[in-house]
There are 2 protein chains.
Amino acid sequence: MRLTTKGRFAVTAMIDVAMHGGGGPVTLAAVSARQRISLSYLEQLFGKLRRSGLVDSVRGPGGGYNLAKAPDQVSVAEIITAVDEPIDATQCGGRENCHDDRRCMTHDLWAGLNDHIFSFLSGVTLAHLVQQQQQKADVAVMKDHRQPPGGSTAPKVPVSETV
Amino acid sequence: MRLTTKGRFAVTAMIDVAMHGGGGPVTLAAVSARQRISLSYLEQLFGKLRRSGLVDSVRGPGGGYNLAKAPDQVSVAEIITAVDEPIDATQCGGRENCHDDRRCMTHDLWAGLNDHIFSFLSGVTLAHLVQQQQQKADVAVMKDHRQPPGGSTAPKVPVSETV
DNA sequence: GTTTAGTTGACTAAAACGTTCGGGTATAGG
DNA sequence: CCTATACCCGAACGTTTTAGTCAACTAAAC
């Protein structure tokens, strides 16, 4: 499980689709405009998301992308692994013939850590993030109006509960 | 918090130092040979680890690196952030002036997720990983030749044991 | 049949990754 | 002293990944 901006873009775009998908498919052009992500880059990402079964596409005018599953059935881990193919941190490529005195510790080590990060991110669904985002929007509306970007750090909203 | 092989190499190397640091400093040449990581790359990584206060260096013959803190006081999160400088997934660079209808959700979103991943990795210490590694070595010895010494240590490792 | 919008592939500049090289400086041992 | 060891530093390199662009295509709505 790699963790880069690529996966984050994908999650951001998926949240956008989840939040704007009420009235039919969401076009990538709209996502691109709202999230300031290059349209062609989004096309690449959504190609993978579609092939991974996370979104459905509708072609032609009025088309776009829909979530293939309910927002509470789509985890962050799924999205990230869909667009961010995993890398191998072990030199042995998963085999155990890498060392003489002891087998390389890298393999089990990162398999274990990976498992934990993965299961954590599997517990965070789109529904969680959408809810958090809407909650924040409410707060913003409430305290908006000529409020300059003062140094008030945003309140840390818990993303999920226990895994 | 980025998660690449770079940080994993650093953690692997730190585990190596923790496990072989009993009799004085550990040379990077030894780590390089054991972990199959390029010596010069290790030098770069340990330069950052040293500047971050995670290791102490001893120059000259017989020198090498020691852990600056006890293994149970060094978390994986510290190691990774020491060598893997964070990236910014927000186009606004942390400012909030990025959008018209709503502020870009990327910022708080990933701040929250980052917090969770970070706090998780902060709970995993070098001591945990060393213990897990030694435990695995014991099992290997048991499967190899003869009876292992004494009772098996309690597996209170927060890292899962299987793939 | 034109327009919309997904689909695909090739291509590119920039960044990051991992490595190699070539030089330094401090120190232990002879 | 000298020399070997091993940390220290920075530059350069080739590769991969990012992020984006461009072009051509297909399906569907009007």
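Lettering of chains follows the sequences in order, A, B, ..., and the numbering in each one begins at 1. Since we're looking at a predicted model, the values are computed, not measured.
Here the C1' atom of nucleotide D/dT5 and the OH atom of B/Tyr65 are 14 Å apart, to the nearest Å. Nucleotide D/dT18 holds its C1' atom 11 Å from the NZ atom of A/Lys48, rounded to whole Å. Rounded to an integer number of Å, the gap from CZ of B/Arg2 to P of C/dA16 is 6 Å. For A/Leu42 and C/dG6, the CG to C1' distance is 13 Å, given to the nearest whole Å. Taking atom CG on B/Leu3 and atom P on C/dA16, their separation rounds to 16 Å, with Å as the unit. One atom, CG of B/Asp56, and another, C1' of C/dA26, lie 16 Å apart when rounded to the nearest Å. Summarising the geometry, the separation between CG on B/Leu39 and P on C/dC21 is reported as 12 Å, rounded to the nearest angstrom. Between A/Tyr41 atom OH and C/dA15 atom C1' there is a gap of 12 Å when expressed in whole angstrom units.
Judged by distance alone with a 3.5 Å cut-off, no donor-acceptor contact links the side chain of B/Arg59 to the base of C/dT27. One N or O donor and one acceptor, one from the side chain of A/Gln44 and one from the base of D/dG20, sit under 3.5 Å apart. Evaluation of atom-type donor-acceptor distances gives a pair under 3.5 Å for the side chain of B/Ser40 against the base of C/dC21.
Look at B/Thr4 and you'll find a side-chain N or O under 4.0 angstrom from OP1 or OP2 of C/dC17. Side-chain N/O atoms of B/Arg50 include one lying less than 4.0 angstrom from OP1 or OP2 on D/dC9. Listed pair B/Ser57 / D/dC8 meets the phosphate criterion, a side-chain N or O lying under 4.0 Å from OP1 or OP2.
When heavy atoms are screened at a 4.0 angstrom cut-off, A/Leu28 is found touching the sugar-phosphate backbone but no base atom. Across all strands, A/Phe46 comes closer than 4.0 Å to no nucleic acid atom at all (heavy-atom distances). Within 4.0 Å of B/Val26, counting heavy atoms only, lie sugar-phosphate atoms of the nucleic acid but no base atom.
Take the nearest nucleotide of DNA chain D for A/Gly62 and for A/Ser38: the residue whose nucleotide is more 5' is A/Ser38. In terms of position along DNA chain C, the nucleotide closest to A/Pro61 lies nearer the 5' end than the nucleotide closest to the other residue of the pair A/Pro61 and A/Glu43.
Distance from the side chain of B/Arg51 is smallest to D/dC9 among C/dT7, C/dT8, D/dC9. Candidate nucleotides D/dC7, D/dT18, C/dT7 were compared by shortest atom distance to the side chain of A/Lys6, and D/dT18 ranks first.
Atom CZ of A/Phe9 sits about 9.5 Å away from atom OG of A/Ser38, to the nearest 0.5 Å.
In summary, the aromatic rings of A/Phe120 and B/Phe120 are positioned with their centroids too far apart to meet the 6.0 Å limit.
In the hydrophobic clustering of ILVMFWY residues, with side-chain heavy atoms under 4.5 Å counting as a link, B/Ile80 and B/Phe118 come out together. Note on B/Leu67 and B/Leu45: same hydrophobic cluster, where clusters join Ile, Leu, Val, Met, Phe, Trp and Tyr whose side-chain heavy atoms are under 4.5 Å apart, directly or indirectly.
Partners of B/Lys48 under the salt bridge (charged side-chain N to carboxylate O under 4.0 Å, His left out) rule, at least two apart in sequence or in another chain, are B/Glu85.
Between the side chain of A/Glu78 and the backbone N or O of A/Ser75 there is at least one donor-acceptor pair closer than 3.5 Å.
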